[in-house]
Amino acid sequence: MTEQPDSPPFRYTAEFANRIEARWQDYWREHGTFHAPNPVGDLADPKHPRFGAPKQFVLDMFPYPSGAGLHVGHPLGFIGTDVFARFQRMAGHNVLHTMGFDAFGLPAEQYAVQTGTHPRTTTEDNIVRYRAQLRMLGLGHDDRRSVATTDVDYYRWTQWIFLQIFNSWYDPSKNRARPISELEAQLSHLPAVERNRIVDEHRLAYVSEAPVNWCPGLGTVLANEEVTADGRSERGNFPVFKRSLRQWMMRITAYSDRLLDDLDKLDWPEPIKLMQRNWIGRSTGAYIDFPADGEKIRVFTTRPDTIYGATYMVLAPEHELVDKLMPGVWPLETHEAWTGGHATPPEAVAAYRAFAAAKSEVERQADAKAKTGVFTGAYAINPASDQPVPIFIADYVLAGYGTGAIMAVPGQDERDWEFAEVFELPIVRTVEPPPGWEAKAFTGEGPAINSGMLDGLGVADAKAKAIDWLEDSGYGEGAVTYRLRDWLFSRQRYWGEPFPIVYDEEGRAIAVPDEMLPVALPEVADFSPKTFDVNDANSEPETPLSRAKEWVEVELDLGDGPKRYRRETNVMPQWAGSCWYQLRYLDPTNHESFVDPANEAYWVGPQPGQEPGGVDLYVGGVEHAVLHLLYARFWHKVLYDLGHVSSFEPYYRLFNQGYIQAYAYTDDRGAYVPAEEVTEEQPGIYVWNGQKVNREYGKMGKSLKNVVTPDEMCERYGADTFRVYEMSMGPLEVSRPWETRAVVGAQRFLQRVWRAIVDENTGKTTVVDTPADLETKRALHKAIAGVREDMAALRFNTAIAKLIELTNTLTKLPATPREVAEPLVVMVSPFAPHIAEELWQKLGHDETVTYVDFPVADASLLVEETVTYPVQVNGKVRGRIEVAVDADESTVRAAALAEVGVTDPKKVIVIPGRLVSVVA
RNA sequence: GCGGGAGUGGCGGAAUGGCAGACGCGCCAGCCUUAGGAGCUGGUGCCUUCGGGCGUGGGGGUUCAAGUCCCCCCUCCCGCACCA
């Protein structure tokens, strides 16, 4: 943006802003302005003005330093936390705010593969670039505390925490994790081999052979949370297949109840809590065993009260008992519809299995309405009614949930009803529907019928009695199941934390002892993963580290003399590093432990009114609702159980910022055209280069040709303007479109602030020491009261509106009184810190504005002398009256009636200070 | 299908049940100016016969008073998706 040569030399232009911004950024760095003092250790500083003050730990979600760099959407949350952090400093808090980098993971590796450079090189370059972009925005970070997950000093502790998890087990009787040594002690009477087997089966991090999500396109397995509903990888959108593979798992399911119940103690948005609750998916009910030909078919049900209505059973097609129970020939008089037209049960079952396996996830969901299945030829006995019930297989029963088998109760379950209709199975209602009920299955509340001993009981009582009966008779037991599965923790990639695990000759996983940490990621000739055809479900994962032979084969002395071991060649998933980073921020230079207990207790320990402890404000996007946020809570709880931290939740208050989105434009061929060059010729008619183009709304991205970068905004307007614009364009939690041309409004505001205090021609301050008039004082204190409230509630957009209003009253004055200028500068400083520092200095102060007290409103100036009441007649404003603020109700009433000329009102309502409503 | 969130000027958005549209963009008029992607001042919901009328997705309701509370419906976004 070019300025006229004759513009005044001290006008607040973009160039001018850029000059002072660079200067203040240097100042902050040199003075360590944003260093937050720790209670103990390297970062303790008793001379700091906030040493020992009440703390505030303000945290941004760990960014991934992408090769594409930042666009204007990325810093929205970062600026929000910075504004809040600066406000909290001025409100007297010791504020910890910093930023590190979640730098391991697939994208870095993929980018490195594409460019042929080492992931470390690209990652470090990206971090450098990211840091420069962040610095330019004037973020008040304590840069001493910044960490990257890829730092060896950092992942040394990630490995240490992994070993803590590996070396512990969950004791259900104590409902917490305990050191594995305590389990070993309990089992000391057993022979070593058996003891080891039991111990290894109980570890919170364990190896298991189990069906996992294998993604050939990425060459790695994925966690359930990383697979979308339609069976594709969240990253890259490649097909994902279920394969049974030997993999590392984390026993997060042991924590299901605590992860669920402790949500109630957190200050999080309800939708996020709900998403976690749904993901964990606790259901309470019972296991019931149905005898069948010498076997027992165990089902899970949430409605044990309806057992008398179980008229058939359904197993998942892959259920292990199907082959055992299935007879070679159909029983006599088998219903034609049940056989699927096949001559024998084995043929029918094989055909159905093939049919079900061929369906994609998408097809299966699309077909959810039409129930399919086939009779196995076998019968079980309903233990309550003693009736034989046919056993079907059907794909509406999922192998992965509950026991992979259900008792079908068509009377009280819509799916079972539909299936029963298709296969002409008997339907028995065991809960009496309300009179006039004409629909099919009835899932509501009502008395039990056709249910023997349960008849007449309500649903809850019937459930309890049914469970008692099951437990007494040995047919089952009350039970709770969860949707949550254990967390698949290994990845067949290069760019991740190596496991601190070796295998001995027997193949037993053994922890690398603490003193041998870190296990550094070795250099390899080829760090690219073995790639496969994206649809090659039968391909075998091959880890890049397995090719580093001299690293894999290692001789170690683990206490019983030097022996040969083989290293684990999987690496940890990207989520590992972000499970605990906020703790490392607290004590980043500590070499003795991952965080000193005193520093942990000070920054995130339990507080009055904040029982779980944790970060005071955590800001980030909603996309991590069930991934990072669930994993990090789990790790934190393990650390808590083992006594390493005093808080039992990592993030006390969570805030989801919205996204900045953008318009993109396509021409007739569907090709994107540069959004910057598109003009709106008429409302709704967009033109580029003389041709009409179509507008779409969504993400910002290179391929959409609509990226706007903070770099370019800083250059064209200055960082302060950019910050003010982003904070003023709407509430932080709401997504909204970017509009470059509107940024100028923020610049005009800062220019007016500048001009209210500084002469544009001389650069000298123009404030006067004469007191402000009463009206101006009132405007100031009204602003102070409002801004303070808005800041605390993260309502930055309305806070800025109030500052603009205050500034606009000042521009009408011949000169700005100092007693208004100073608080204005202080209140502006969280949003526009550079210009605020510059103005603060011009007002004669030597020190940074960072630790100046935020103004407090004088309550006496918030009350006006007179108040204007609108007078409504039958709900419409018909006039207004001005009366003394302390006028009593009858005075107001009389004045109001006189004003609107009503002599005989039916009713008059006076709302003190608000309005008068007359019913005529 | 279930659950959650949201619908307010041309646009982003303000409004403890109490004057709808704060603040900003854009637009209009004026000032300044060498012809402005600059600055300043003022205006700007819609309709109007200039009295006023109508307006917060639609329709009902509660109330002196509803964007806000209640009921029904529509649209969009997000999550889950045959979870037994």
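A note on names: the letters A, B, ... follow the listed sequences, proteins ahead of strands, and every chain is numbered from 1. Bear in mind that the values here come from a model prediction, so they are computed numbers and not experimental data.
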Please confirm whether the shortest side-chain N or O distance from [X] to OP1 or OP2 of [N] is below 4.0 Å.
X: A/R483; N: B/rA81; answer: yes
X: A/R752; N: B/rG24; answer: yes
X: A/R755; N: B/rC40; answer: yes
X: A/N797; N: B/rA14; answer: yes
X: A/T481; N: B/rA84; answer: no

Return yes if a side-chain donor-acceptor contact under 3.5 Å exists between [X] and [Y], otherwise no.
X: A/Y352; Y: A/T372; result: yes
X: A/Y396; Y: A/D416; result: yes
X: A/Y401; Y: A/S283; result: yes

Touch check for [X], heavy atoms < 4.0 angstrom, all strands: base, sugar-phosphate only, or nothing?
X: A/V908; answer: nothing
X: A/N808; answer: sugar-phosphate
X: A/E414; answer: nothing
X: A/S735; answer: sugar-phosphate
X: A/R736; answer: sugar-phosphate
X: A/I804; answer: sugar-phosphate
X: A/R878; answer: sugar-phosphate

Without decimals, in angstroms, what is the distance between [X] [atom1] and [N] [atom2]?
X: A/D790; N: B/rG13; atom1: CG; atom2: P; answer: 17 Å
X: A/R298; N: B/rA84; atom1: CZ; atom2: P; answer: 17 Å
X: A/E805; N: B/rC23; atom1: CD; atom2: C1'; answer: 7 Å
X: A/K876; N: B/rG52; atom1: NZ; atom2: P; answer: 12 Å
X: A/F300; N: B/rC83; atom1: CZ; atom2: P; answer: 13 Å
X: A/Y663; N: B/rG10; atom1: OH; atom2: C1'; answer: 11 Å
X: A/Y396; N: B/rA84; atom1: OH; atom2: C1'; answer: 9 Å
X: A/I911; N: B/rC64; atom1: CD1; atom2: P; answer: 12 Å

Can you give me the N/O atom pairs linking the protein to nucleotides 25-27 of chain B at distances under 3.5 Å, or say none if there are none?
from	atom 1	to	atom 2	distance (Å)
B/rC25	OP1	A/R748	NH1	2.6

Inset, instruction - Under a 3.5 Å limit for both distances, which nucleotide forms a Watson-Crick or G-U wobble pair with B/rU44, could you say? - result: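 Checking every strand shown, B/rU44 finds its partner in B/rG26, with both distances under 3.5 Å.
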Where [X] and [Y] come nearest, the two heavy atoms and their spacing:
X: A/V916; Y: A/Y869; answer: CG2-CD2, 3.9 Å
X: A/M313; Y: A/V389; answer: CG-CG2, 3.9 Å
X: A/I297; Y: A/A380; answer: CD1-CB, 4.5 Å

Legend entry - Anti versus syn assignment for B/rG5, with syn defined as within 90° of 0: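 The base of B/rG5 is oriented anti (glycosidic angle more than 90° from 0).
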Legend entry - Syn/anti label of B/rG26 as read from its glycosidic torsion, with the cut at 90° from 0: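 What B/rG26 shows is an anti base, its glycosidic angle lying more than 90° from 0.
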Inset, instruction - Taking the side chain as every heavy atom from C-beta outward, state whether A/V83 and A/M727 have any pair of such atoms under 4.5 Å apart. - result: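 Sidechains of A/M727 and A/V83: in contact.
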Distance between [atom1] atoms of [N] and [M] (Å, rounded):
N: B/rG9; M: B/rG26; atom1: C1'; result: 12 Å
N: B/rC27; M: B/rC46; atom1: C1'; result: 16 Å
N: B/rC23; M: B/rC71; atom1: C1'; result: 36 Å
N: B/rU16; M: B/rG67; atom1: P; result: 13 Å
N: B/rC64; M: B/rG13; atom1: P; result: 36 Å
N: B/rG10; M: B/rC28; atom1: C1'; result: 14 Å
N: B/rG21; M: B/rU56; atom1: C1'; result: 9 Å
N: B/rG18; M: B/rG12; atom1: P; result: 25 Å

Legend entry - A/E712 atom CD, neighbour heavy-atom count above 12 within 6.0 Å: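 Counting neighbours around CD of A/E712, more than 12 heavy atoms of other residues, nucleotides or ligands fall under 6.0 Å, so yes.
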Legend entry - Over 12 foreign heavy atoms within 6.0 Å of NZ, A/K782: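 Open.
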Legend entry - A/F392 and A/F419 aromatic centres sub-6.0 Å: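 A/F392 vs A/F419: aromatic centres under 6.0 Å.
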Which of these nucleotides, [options], is closest to any side-chain atom of [X]?
X: A/T302; options: B/rA84, B/rC64, B/rC23; answer: B/rA84
X: A/D395; options: B/rA84, B/rG18, B/rC82; answer: B/rC82
X: A/L274; options: B/rC83, B/rC40, B/rG3; answer: B/rG3
X: A/R11; options: B/rG4, B/rU41, B/rG39; answer: B/rG39
X: A/K371; options: B/rC82, B/rG12, B/rG4; answer: B/rC82

